[in-house]
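What follows is one structure encoded as structure tokens, with my remarks underneath.
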Amino acid sequence: MVIAILFSCEEQVNIDLNQEDFLPKPRSIVNADGTFEITASTPINLLGDEAKVGPIADFFNERINKSTGFELTKRQISGASSGINLYLIDEGEEFSEAYRVEITKNNVIVSSANEAGLFYGVQTLLQMLPPEIHADSKQDIKWQVSTGSVRDRPAYGYRGTMLDVARHFFSVDDVKRVIDHIASYKMNRLHLHLSDDQGWRIEIKAWPNLTKIGGTTQVGGGKGGFYTQEQYKDIVAYAAKQFVTIVPEIDMPGHTNAALASYAELNCDGKATDLYTGTEVGFSTLCVDKEITYKFIDDVIRELAEMTPGEYIHIGGDESHVTPIEDYIPFMERVQGIVSKHNKKSMAWDEIAHAKLKENTIVQFWAEEENAKKGVMQGAKVLMSPAKRAYIDMQYDSTTRIGLHWAAYIEADSAYTWNLEEYVKGVNPDQIIGIEAPMWTETITNMDDIEYMMFPRLTALAEIGWTETANRSWDDYKERLARHSEVWNVKGINYYKSPRIDWEQKKIEE
Ligand code: TNX
């Protein structure tokens, strides 16, 4: 008996919570001296609306089931008790997505005034468990977390990634895996670039040739693909369970060859174009003078809006090099009107700031600082995606196997060592809604490629959106990152082993 106790004491791994490899870094961390262990008999106590808290408990159970073999029992109770407590507090909390995790030797209390916050508290708890928690077979280890507390809330409300499914098509399962990745770093938006010159990827019932013709190819000539409306709704629902909102983009008036090849009437000369499988940009345009163009856009936005619960529809507007500016401006103004008619707000790449912006239109800054400034001068808010720092399709250096470099080479540190407040002089923090990391896919063809380009930069961009600038430093981040990479090893993620990081760094044990 005595020996058994001594033995189990020796196995206690108490990591100082301040050395825990949280990504993104929480606002405040207090360490205590002990451990809490999750066993097969640990209950999950639900406090607050069961319909809201129950699914978050299910998410936790699903995440830990394969590695632990546990299926923790849920029970609805009215006061925190031993076990894991998920507590949706009903009195008003000032900040949405804010949460607390408090751990003693007897229990864990994850609390928030909103479901998203509760979900992020659970993600933080998952980050405190051993990396093997992500294994897909049963592991013979103790599932301990250190005692102490974490109080946290995000600096910015919009924390996203974009996936270009037009240049190369990605399956529903791939998109779901991307959602899992971004949600685990507390990102809450996935922008899907659903149409471009090389492919149209979303079923539109009123215009079936968009997918029948426009969906049949991709960069390099592969067979492309598209999401049926049912599949799209499935993606939206899967994302919502992890508090990720899908932002669908139909790029226009440029980047539209796939639509122009599908319907002759959308072309000014009335002739359908050929399908395109190259990687040039800026050569296509909808015919802005024809009424049928606006009927087309109205149908597309209506069908998209009907299956998109999120508030934004992205209308592109970038690189319309063959649309004269005097056509581009009224076109972008009219399309914003169509979006608001369908009760959504517009988001568009920064060029849209040449046009008159509707109230609530978001300008997504990627290239031209002047455009971002023009946007805020019109009262618009800006989403920050500076290509030199946030484009995760850029190569790490000149030897990277895939990726582009027209904006920059973006090493692990370059993705991290900047902040949203200072990037564009004249665009102030209260005019910025957050950050988005676009993954363009001209050279990216499969999930391995996506993960290689995402990691380790996604975590940098997630932290820039979540953690206040004053609480961030590269030296601290790179050590957390190195320790956290064990999670990627367990998940089978082939990440880029940046020479700027000492990947062999081990956990600091007491
Ligand atoms: C520029 S970023 C584009 C995309 C390309 C990307 C490649 C933007 C709004 N337009 O069409 O895919 O560069 O990095």
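This one's a predicted model, so the numbers in the text were calculated from it and none came from an experiment. For ligands, and for the atoms within them, numbers begin at 1 and follow the listed sequence.
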Inset, instruction - Would you check whether Arg167 reaches within less than 4.0 Å of ligand 1, judged by its heavy atoms? - result: yes
Legend entry - Residue pair Asn489 / Glu486, side-chain donor-acceptor N/O under 3.5 Å: yes
Inset, instruction - Write out the residue and atom name of the closest protein heavy atom to atom 8 (C) of ligand 1, then the distance separating them to 0.1 Å. - result: Asp318 OD2, 3.4 Å
Legend entry - Modelled atom types, side-chain donor and acceptor of Glu451 and His181, under 3.5 Å: yes
Inset, instruction - May I ask you to check whether Tyr232 and Thr308 show a side-chain donor-acceptor distance below 3.5 Å? - result: yes
Inset, instruction - Measure the distance from atom 12 (O) of ligand 1 to every protein heavy atom, then report the residue, atom name and distance (to 0.1 Å) of the closest one. - result: Glu442 OE2, 2.6 Å
Legend entry - Cation over ring face, Arg334 and Tyr294, 6.0 Å, 45°: yes
Legend entry - For Leu404, the ligand 1 atoms whose distance to one of its heavy atoms is below 4.0 Å: 7 (C), 14 (O)
Inset, instruction - Within a distance under 4.0 Å of any heavy atom of Met394, pick out the atoms of ligand 1 and give their elements. - result: 14 (O)
Inset, instruction - Cation-pi check, Arg201 to Phe169: give yes when NZ or CZ is under 6.0 Å from the six-membered ring centre and within 45° of the ring axis, no otherwise. - result: no
Inset, instruction - Do me a favour and list the nearest non-hydrogen protein atom to atom 2 (S) of ligand 1 with residue, atom name and distance? - result: Tyr391 OH, 2.5 Å
Legend entry - Contact (N/O only, under 3.5 Å) between Asp393 and ligand 1: yes
Legend entry - NZ (Lys491) with more than 12 external heavy atoms under 6.0 Å: yes
Inset, instruction - Check each atom of ligand 1 against the heavy atoms of Trp366 and keep those under 4.0 Å away; list them by number with element. - result: 1 (C), 2 (S), 8 (C), 9 (C)
Inset, instruction - Can you sort out which atoms of ligand 1 are near His255, meaning under 4.0 Å from one of its heavy atoms? - result: 11 (O)
Inset, instruction - Return yes or no for this condition: an N or O of Asp164 is under 3.5 Å from an N or O of ligand 1. - result: no
Legend entry - Nitrogen or oxygen of Trp440 less than 3.5 angstrom from that of ligand 1: no
Inset, instruction - State the atoms of ligand 1, each with its element, that fall below the 4.0 Å cut-off from a heavy-atom position in Glu319. - result: 1 (C), 3 (C), 4 (C), 10 (N), 11 (O)
Inset, instruction - Could you walk me through whether Arg302 and Asp299 pass the salt bridge (Lys or Arg N to Asp or Glu O under 4.0 Å) test, one step at a time? - result: CA-CA 5 Å; Arg302 175 174 42 76; Asp299 287 336; 2.7 Å; yes
Inset, instruction - Measure from NZ or CZ of Arg189 to the centre of the six-membered ring of Phe243 and say whether it is under 6.0 Å with the direction within 45° of the ring axis. - result: no
Inset, instruction - Give yes if a backbone or side-chain nitrogen or oxygen of Asp196 is under 3.5 Å from a nitrogen or oxygen of ligand 1, and no if not. - result: no
Inset, instruction - Evaluate whether atom NZ of Lys388 has more than 12 neighbouring non-hydrogen atoms of other residues, nucleotides or ligands under 6.0 angstrom away. - result: no
